[in-house]
Engineer: 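A single structure is presented below for examination.
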Amino acid sequence: MDFRLLPLLFPLPSHLRHIRSSNSESGTRAMKRAFVTVGTTSFDDLVARVVANDTVQILKSLGYNHLVLQIGRGTVVPEPFSTEPFTLDVYRYKESLKEDLQQADLVISHAGAGSCLESLEKGKPLVVVVNEKLMNNHQFELAKQLHKEGHLFYCTCSMLPGLLQSMDLSTLKCYPPGQPEKFSAFLDKVVGLQK
């Protein structure tokens, strides 16, 4: 029996699936999609960093051949393109990010609580990029704590290429779905509303 067929024959419910490493072996090269979101704000440094040649080359070397950017109200607006080995799609906003999150094999996000929670509840590997330009940055505290619990990786824009090269997605733990009250209590604690 070909054991590679087991996940197809006996799929696990999505909330029980372990996050797969981007280094998984397979005989064919599947379409791998990275989704980048900045939410409703702007985070031009992240958008510029992700479309920089070195970052795109790293994503390609990891097997990603489709990059989708949600750029919010930013001023950095990369030109979408599609070539045989790689596609870049860009948009500002959509009614919902649900479809992009479902199709993503990797999510790279700003550290907004809503974006983090939505990605984690979908069971997606998550890299949170902290905006160092924000003052009183509780987003950093949120990312640090969720990393400490093993749910995501985090970095700054300048550290993103190195993190992408060194991270092992198989070490991430699935975030328990359906517990927004725990996430809310955690946020209250991070921002100082609860002791």
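If you're wondering where the values come from, they're calculated on a predicted model, not measured in any experiment.
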Engineer: Could you tell me the separation between the OH atom of Y64 and the CD1 atom of I58, rounded to the nearest 0.5 Å?
Structural biologist: 12.5 Å

Engineer: Counting N and O atoms only, with roles assigned by atom type, does the side chain of T55 sit under 3.5 Å from a partner on the main chain of R49, one being a donor and the other an acceptor?
Structural biologist: yes

Engineer: To the nearest 0.5 Å, what is the distance between CG (L152) and OH (Y175)?
Structural biologist: 10.5 Å

Engineer: A quick test of your reading: do over 12 heavy atoms of other residues, nucleotides or ligands sit less than 6.0 Å from CD of Q57?
Structural biologist: yes

Engineer: To check you understand the geometry: which heavy-atom pair defines the closest contact between L126 and S109, and what is its length?
Structural biologist: CD1-CB, 3.9 Å

Engineer: Do L160 and L46 touch side chain to side chain, with heavy atoms closer than 4.5 Å?
Structural biologist: yes

Engineer: Can a donor-acceptor pair be found, under 3.5 Å and without considering hydrogens, that links the side chain of Q70 to the backbone of V38?
Structural biologist: yes

Engineer: Assess the side chains of E141 and Q145: does a donor N or O sit below 3.5 Å from an acceptor N or O?
Structural biologist: no

Engineer: Checking C155 against V129 for the side chain to side chain contact (heavy atoms under 4.5 Å, CB included) test, could you report, in this order, the C-alpha distance in whole Å, the side-chain angles of both residues, the deciding distance, and whether it holds?
Structural biologist: CA-CA 5 Å; C155 63; V129 181; 4.1 Å; yes

Engineer: Do the side chain of T171 and the main chain of D168 share a donor and acceptor less than 3.5 angstrom apart?
Structural biologist: yes

Engineer: Counting only N and O atoms by type, is there a donor-acceptor contact under 3.5 Å from the side chain of K124 to the main-chain atoms of A104?
Structural biologist: yes

Engineer: Please state whether the rings of F35 and Y91 are parallel, tilted or perpendicular, taking 30° and 60° as the class boundaries.
Structural biologist: parallel

Engineer: Distance check, rounded to the nearest 0.5 Å: S42 atom OG versus N131 atom CG?
Structural biologist: 8.0 Å

Engineer: Side-chain contact, heavy-atom cut-off 4.5 Å: L106 with M167?
Structural biologist: yes

Engineer: Excluding sequence neighbours, so at least two apart, what forms side chain to side chain donor-acceptor pair (under 3.5 Å) with T40?
Structural biologist: none

Engineer: For the atom pair CG (D44) and NZ (K133), what is the distance rounded to the nearest 0.5 Å?
Structural biologist: 8.0 Å

Engineer: Taking all atoms of both residues into account, what is the closest heavy-atom pair of P78 and V90, and its distance?
Structural biologist: O-CG2, 3.6 Å

Engineer: Flag the pair L120 / L146 as yes when at least one side-chain heavy-atom distance between them is below 4.5 Å, and no otherwise.
Structural biologist: yes

Engineer: Output, in order, the C-alpha distance, side-chain angles, deciding distance and verdict of side chain to side chain contact (heavy atoms under 4.5 Å, CB included) for Y154 and L163.
Structural biologist: CA-CA 8 Å; Y154 75 100; L163 176 65; over 6 Å; no

Engineer: Between CG of L172 and NE2 of H147, what distance do you get to the nearest 0.5 Å?
Structural biologist: 9.0 Å

Engineer: Provide the full list of salt bridge (charged side-chain N to carboxylate O under 4.0 Å, His left out) pairs with a residue in residues 76-98, sequence neighbours left out, each pair given once.
Structural biologist: K94-D100

Engineer: For the pair H66 (side chain) and K32 (backbone), establish whether a donor and an acceptor sit closer than 3.5 Å, ignoring hydrogens and angles.
Structural biologist: no

Engineer: Is there a side-chain contact between H151 and S119 (heavy atoms, below 4.5 Å)?
Structural biologist: no

Engineer: Between A143 and V130, what is the shortest heavy-atom contact and its length?
Structural biologist: CB-CG2, 4.1 Å

Engineer: Less than 4.5 Å apart, any side-chain heavy atom of K122 and any of Q102?
Structural biologist: yes

Engineer: To the nearest 0.5 Å, what is the distance between CD1 on I71 and CZ on R73?
Structural biologist: 12.0 Å

Engineer: Ring centres of F43 and H110 under 6.0 Å apart?
Structural biologist: no

Engineer: Could you check L67 against V36 for side chain to side chain contact (heavy atoms under 4.5 Å, CB included), going step by step and ending with a plain yes or no?
Structural biologist: CA-CA 8 Å; L67 178 59; V36 179; 3.8 Å; yes

